[in-house]
Structures are given as structure tokens and as C-alpha cells.
Amino acid sequence: MILRLAGGRVIDPTQTLDAVRDVFVRDGRIVAAPDPGEPVETLDVSGRIVMAGAVDVHSHIAGGNVTLSRLLLPELHANEAPAPAGMPFATAGWSTWETGRLYAEMGFTTVIEPALPPTHALQTHLELCDLPVIDKGALTVVGNDDALLDLLRRREGRTAVRDAVAYALKNSRGLGLKVINAGGAPAFKSNLRAFDFDDVVPHYGVTSREIVTALLDAAADIGVPHPLHVHCNNLGVPGAPDTVRATMQAAEGRRMHLAHVQFYSYLADPAGGFRSGAEAIAAAIAEHPNVSVDVGQVMFGPTVTISLDIMKQYAGHPYASPKKWALVDGDAEGGGIVPIDYRRKSWINQLQWAIGMELFLLSPDPWRVLMTTDHPNGGPFTSYPQIIHLLMDRGERNRWIEAMPEEARKRTGLAALEREYTLAEIAIMTRAAPARLLGLHDRGHLKPGAVADVAVYDDLADRSAMFSKARLVLKDGRVAVRDGRCTGWIFGRTHTLAPGYDTLMDRAMGDYLVDRYGVGRDAFAVPDEAFGERHVFKVEPCLN
């Protein structure tokens, strides 16, 4: 049986397509047309917008820090039904079920968890596995662990570093590589409270720049499809655009993705505090076509910042709202949980919101500037429809700007920006670009052969309402959402890489782990047996 979505306005930037036409699905894939005489089931989507399922390249949806934030803030999502009394996490809202359901109902079909510490890989994957409907992936965090830093300290060669990184990537079952404030975690544990790109990590004798450069080489040598995902130094510090530019320059033309750049787009203001540095960041992006970014848009309301940037989280704990926070001094990264309330009455929070909007609107290329809130750090992913509305409707944006405090308005150039995103640009930013960036070439578009992840929307002037509830969502060709509601339990897969490496690394890491933790490699493994009879993982090819 073939499924025909009939008469919708199909928007697919990869084909420069914006036209009314049918979309055909067979066996979970997009096909050009049915064979003669083949039975066809037709779903009428005339008058509606048809796009590929959306892809989120950076959203913290699973793992130790997510679990810890639920335990620290059971009241944050009080509107959602808790688990039965007496059960684990009974008071913790926003379950894995809710995360998958809410994403799917907005038309998202693939989401990437961007912080997978190898020592917590099994717990993270078990939680990802429990998210319904959507496909998942995770980025293995390297760059602050003793094993790698020791190799760099001993000036081991590029091949040794490549094998160590490949080992971490394969055994944690990651889809890509991420580095967070390279060298910052061990520097923090040596009582440093600031760490710049050319500062030296105590005891290891390597700079942050050298760590990032080594990881760029390793990612290229392994053939990781997604460029090295970099959380820069100096997050939230006025003057950080200089750090961002230096990090971009260090790539020397190699592919690099910078995370949540809104939090680096602050310049020191002569009157005190900070002002927008969005123009400086946009100019740097324009000068470096090898670099992509996601924004990390701030939206108003209570949320929680969760990060392995232990130095930044410690610096932010005095601003916790409510006044409770947690810092984990774990191996390598550690991590921190700091709740925050982005308030409309705060000119600082208003300026953060405006800077994110500026970055989108100054974007030199929607293929390289992606939509995120760095969920939940800048706000929940459920605010994506509102962000799209603001980008597509200058009138809606102006209503928000008019409500801004004067102190915030005079420190941003947002009011002068007239650009309005088109539906095609939204499709690039939320579908085609993130899929291409991740190397997941069978999604993000509607060409024949693509996985049949499709989202159908009512064409409403109120873009917030339009993108909040998809009329229809297909996942692998199956109806997962109808009339804005999930139809039941469908489970996606977790995409991983399995690069090769010198097998001597297995013995070396086994010895290291026994010496360091008193346990062997199996203690940090992610075995298929842990997932029962379900086939959870799909291995994607490396470039090499």
C-alpha cells in the first residue's frame, strides 16, 4: 500500500520547491509515484503546508544533568501529571514521554542530545531510548578528560589522539563530538575561575586552543560527519565575541559548529553591564563559511540551566532562581544545575532576548544559523513556534520591542531590523540545514528515498499556533500525530557512529580505567543487551 498526501503546498528548499503537489510514501520512504495499479490510500492535505520533519541539532533531553534537574526542581513543570506516588521520580514532571510527545506534536522527528559524557553513556542512552516517536542521537563530550589531556601533555602524536577520540566516540555510541570550554573543567578544579582560549591548563601544560585544534584534527581523521561541536570559553562574559572570533580562526578553514552563540554576543558597555555584540558575531560568521552556529535564543519564563561547563555554572549560582543549585565535581566535565527565571521586567533578560533575535535577523546564511534555545538553558524547546512567529512577523516582533525597558532598547539594534523570514527559510533552518550538518542525508527533505518523516501544518497567519500543533506528522511513514495529538507509542532509533581504531587502545583504556576507577571497560559500556529485544541503534557511516 502506498500513502498519498494529496494537494498540499510542499516546501522543500533542497529542491528549490514551493508548489502544490502530492507526496507519496511507501515502506517508510518517500517515493516519486505509485506503480501502475498499486493500491493507494489518500490523505487530503489540500490548503496545508507540507514540510519534512524538523530536526533539532542541540537540545538537552537526556542524561545525568537532565535527571538531576528533575530531582532539583520537581515544581518546575507542575502542570504535568506526576508519576504515581511512591514510584521513582514521582514528583518530577516533564518525563521522557512528554519530551517525545511535545516534540512530535510540533512536527519534529529527530532531536540531538549535545552532551554525552562517556562515563554516563549507558544512562543517557537508556533515557534516549525511552523518548517516543522521535529519532535521537548524542554528541560525545571530549576535551576535559584526563585520558585525552594526558596524551596531549605527553605530546603523543596525532594518530594516538585520533584513536583515543575514536574509542570514546564508539564506546559511548555517539553521533558526533563536542568540546565544552576546552580545558576549563580541570582548570576550575585547580581553583581557576576564568579560562581564556590561550590559557594553559594547570598540570597538563596545554592550552584551550591546543585542545580544540587536536580535536578538529581527530574529527577530520575519523571522518565524523557532524563538524566538531564547540562550546567556547567565556560563555556569558562581555567581550566574548573576541573569543568566538579567535575560536573560528583556530579552525583554519576546517568545519566547526559553535553552540548557543547568543550567550557569547555581549560587549562591555561604557555605562556598565553589557550591550549587544550580535553584529560582531554575525560578521565573524560571514567571514568564516566553514563555521555554522546555533543561536540559543532566550525566551521568558522560569527554566533551568544545565551544563557540563562547571566553571560557568559555578559563576552563575548566585543568580539561581529559586535559590537552590547543584554542582557535580565528576570526572572530566562535572556539571552544574542552576535554575533561572528570564523575566520580562528585567532589562538584562530583555536584552538577551533581543540579541538572539538580532543574530537570527542578521544571519548571512540560514543554512549556517540554526534555531535552538539550547533547551532548557535559554528556555524550553516548546517556545520554538513563538520564535518562528517572531522571525516571520515584524509586527509581532515590534509589539515585543515596544514592551522592552528603555535601558535594553538602547543597547540593541533590533528595532531597526525589518527582515521577515519566509517559510522556505524556516524549512532550511529547522529541517534541511540541521540534517545536512549532522550528516543524516536521508531526512530534512522530501526527495525520493528520504525517510518518510513529514509534517503537515495548517497555513495560519498566527505562526505560533501553526507550528505548535501539526495537523499531521508521519514518522517512518506511520501516522504519529493527527490533529495536533500524538496517536500512541511509536519509537524511533538512536543514530550512532562506529569508527575503527587501533585495537591496542582497548587494552590501554582497560588498564587506565582499572587504575583510575578500579573497574574495567565493561563498567562504562553501552551493550545492546541493556535494551532488551528492541533494536535501538542505527549506525551511520563515517566520511572516511
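This structure is a prediction, so every number in the text was calculated from the model and none was measured.
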inquiry  = Would you say Thr305 and Gln313 are linked by a side-chain donor-acceptor pair, where the criterion is simply a distance under 3.5 Å?
reply    = yes
inquiry  = Tell me if the aromatic rings of His375 and His58 count as close, with their centers under 6.0 Å from one another.
reply    = no
ask   = Which residue pairs satisfy the side-chain hydrogen bond (donor to acceptor under 3.5 Å, both in side chains) criterion with at least one member in residues 288-300, sequence neighbours excluded?
value = His257-Ser292, His257-Asp294, Asp294-Thr372
request  = Using atom types as modelled and distance alone, determine if a side-chain donor or acceptor of Asp145 lies under 3.5 Å from a backbone N or O of Gly143.
outcome  = yes
query = Would you say the side-chain atoms of Tyr266 and Gln352 include a donor-acceptor pair closer than 3.5 Å?
reply = yes
task = Report yes or no: is the cationic atom of Arg193 (NZ for Lys, CZ for Arg) under 6.0 Å from the centre of the six-membered ring of Tyr314, at an angle within 45° of the ring normal?
result = yes
note = Across all chains, not counting sequence neighbours, the side chain to side chain contact (heavy atoms under 4.5 Å, CB included) partners of Ala194 are none
message = On a heavy-atom basis, which atom in Ala250 and which in Leu216 lie closest, and how many Å separate them?
response = O-CD1, 4.2 Å
query = Salt bridge check: are Glu105 and Lys469 linked by an N-O gap of less than 4.0 Å?
reply = yes
query = Does the distance from a Lys or Arg side-chain N to an Asp or Glu carboxylate O, for Asp459 and Arg48, drop under 4.0 Å?
reply = no
task = Could you check if a side-chain atom of Asp242 sits within less than 4.5 angstrom of a side-chain atom of Phe197, using non-hydrogen atoms only?
result = no
request  = Any chance you could measure Asp462, atom CG, to Glu396, atom CD, to the nearest 0.5 Å?
outcome  = 7.5 Å
request  = Return yes if some donor-acceptor pair links the side-chain N/O of Glu210 with the main-chain N/O of Thr207 below 3.5 Å, else return no.
outcome  = yes
Ion pair check, Arg463 and Asp393, cut-off under 4.0 Å = no
request  = Go through Thr373 and Ser383 one step at a time and tell me if the side-chain contact (heavy atoms from CB on, under 4.5 Å) criterion holds.
outcome  = CA-CA 8 Å; Thr373 58; Ser383 60; 3.6 Å; yes
inquiry  = Testing the basics here: between Val201 and Pro186, what is the closest heavy-atom pair and its distance to 0.1 Å?
reply    = CG1-CG, 3.7 Å
inquiry  = With heavy-atom distances below 4.5 Å as the criterion, would you say the side chains of Val206 and Val200 are in contact?
reply    = no
key: Side-chain ion pair, Glu425 and Arg419, N-O less than 4.0 Å   = yes
ask   = Under a 4.5 Å cut-off applied to non-hydrogen side-chain atoms, are Asn234 and Asp196 in contact?
value = yes
message = The test is side-chain contact (heavy atoms from CB on, under 4.5 Å); show your working for Ile285 and Arg368 and say whether it passes.
response = CA-CA 8 Å; Ile285 296 170; Arg368 295 193 292 121; 3.5 Å; yes
remark   = In this structure, CG of Leu175 is separated from CG of Leu440 (nearest 0.5 Å) by 5.5 Å
message = Test your reading of the model: is there a side-chain donor-acceptor pair from Lys178 to the backbone of His229, 3.5 Å cut-off?
response = no
task = Would you please say whether a donor-acceptor pair under 3.5 Å links the side chains of Ser59 and Glu113?
result = no
Test item: Leu148 and Leu215 side chains (from C-beta on) under 4.5 Å apart, heavy atoms = yes
ask   = Would you call Leu177 and Val165 a side-chain contact if the rule is heavy atoms closer than 4.5 Å?
value = yes
ask   = Is any side-chain heavy atom of Val338 closer than 4.5 Å to a side-chain heavy atom of Val304?
value = no
Taking every non-hydrogen atom, the tightest pair across Gly492 and Asp135 = CA-OD1, 3.2 Å
request  = Go through Ile11 and Leu17 one step at a time and tell me if the side-chain contact (heavy atoms from CB on, under 4.5 Å) criterion holds.
outcome  = CA-CA 6 Å; Ile11 298 176; Leu17 176 61; over 6 Å; no
key: Basic-acidic side-chain contact under 4.0 Å: Asp217, Arg254   = yes
ask   = Would you say the side chains of Thr110 and Arg443 form a donor-acceptor pair under 3.5 Å?
value = yes
request  = Examine the side chains of Ser464 and His389 and answer whether a donor and an acceptor come within less than 3.5 Å of each other.
outcome  = yes
ask   = Under a 4.5 Å cut-off applied to non-hydrogen side-chain atoms, are Met51 and Leu423 in contact?
value = yes
Axial cation check for Tyr103 ring with Arg101, 6.0 Å and 45° limits = no
note = Scanning both residues in full, the closest heavy-atom pair of Arg275 with Pro270 reads NE-CD, 4.5 Å
ask   = Atom CD1 in Ile355, atom CD in Glu358: separation rounded to 0.5 Å?
value = 6.5 Å
message = On a heavy-atom basis, which atom in Ala403 and which in Gln350 lie closest, and how many Å separate them?
response = O-NE2, 4.2 Å
task = Flag the pair Glu406 and Lys410 as a salt bridge only when some basic side-chain nitrogen lies within less than 4.0 angstrom of an acidic carboxylate oxygen.
result = no
request  = Over all heavy atoms of both residues, which pair between Phe195 and Gly183 is shortest? Give the atoms and the distance, please.
outcome  = CE2-C, 3.6 Å
task = Keeping the roles fixed (side chain from Lys312, backbone from Gly336), state whether a donor-acceptor pair exists under 3.5 Å.
result = no
ask   = Would Arg399 and Glu402 satisfy salt bridge (charged side-chain N to carboxylate O under 4.0 Å, His left out), going step by step from the backbone distance to the final call?
value = CA-CA 5 Å; Arg399 282 187 282 278; Glu402 289 167 3; over 6 Å; no
ask   = Taking it one step at a time, do Val369 and Leu359 satisfy side-chain contact (heavy atoms from CB on, under 4.5 Å)?
value = CA-CA 8 Å; Val369 178; Leu359 288 167; 5.5 Å; no
task = Could you verify whether a donor N or O on one side chain and an acceptor N or O on the other, from Asn377 and His260, lie under 3.5 Å apart?
result = no
message = Under a 4.0 Å threshold between the charged nitrogen and the carboxylate oxygen, would Arg209 count as salt-bridged to Glu252?
response = no
key: Side chain Asp269, main chain Ala271, donor-acceptor under 3.5 Å   = yes
inquiry  = Can you list everything that forms a side chain to side chain contact (heavy atoms under 4.5 Å, CB included) with Glu287? Sequence neighbours excluded, please.
reply    = Arg245, Ala283
task = Answer yes or no: is there a side-chain heavy-atom contact under 4.5 Å between Phe188 and Leu327?
result = yes
inquiry  = Under 6.0 Å between ring centres: does that hold for Phe381 and Phe108?
reply    = no
message = If you count heavy atoms of other groups shown closer than 6.0 angstrom to CD of Glu279, is the number above 12?
response = no
ask   = Do His231 and Asn181 get their side chains close enough for a donor-acceptor pair, meaning under 3.5 Å?
value = no
ask   = Got a second to check how far Lys345's NZ is from Phe300's CZ, nearest 0.5 Å?
value = 13.0 Å
query = How many angstroms lie between CD1 in Ile49 and CE in Met466, if you round to the nearest 0.5 Å?
reply = 5.0 Å
task = Report the distance from atom OG of Ser321 to atom OH of Tyr342, rounding to the nearest 0.5 Å.
result = 11.5 Å
query = For Asp374 and His60, does a side-chain donor sit closer than 3.5 Å to a side-chain acceptor?
reply = yes
query = With a distance cut-off below 6.0 Å to the six-membered ring centre and an angular limit of 45° from the axis, does Arg344 pair with Trp353 as a cation-pi contact?
reply = no
task = Check the side chains of Ser208 and Asn233 for a donor-acceptor pair under 3.5 angstrom, ignoring hydrogens and angles.
result = yes
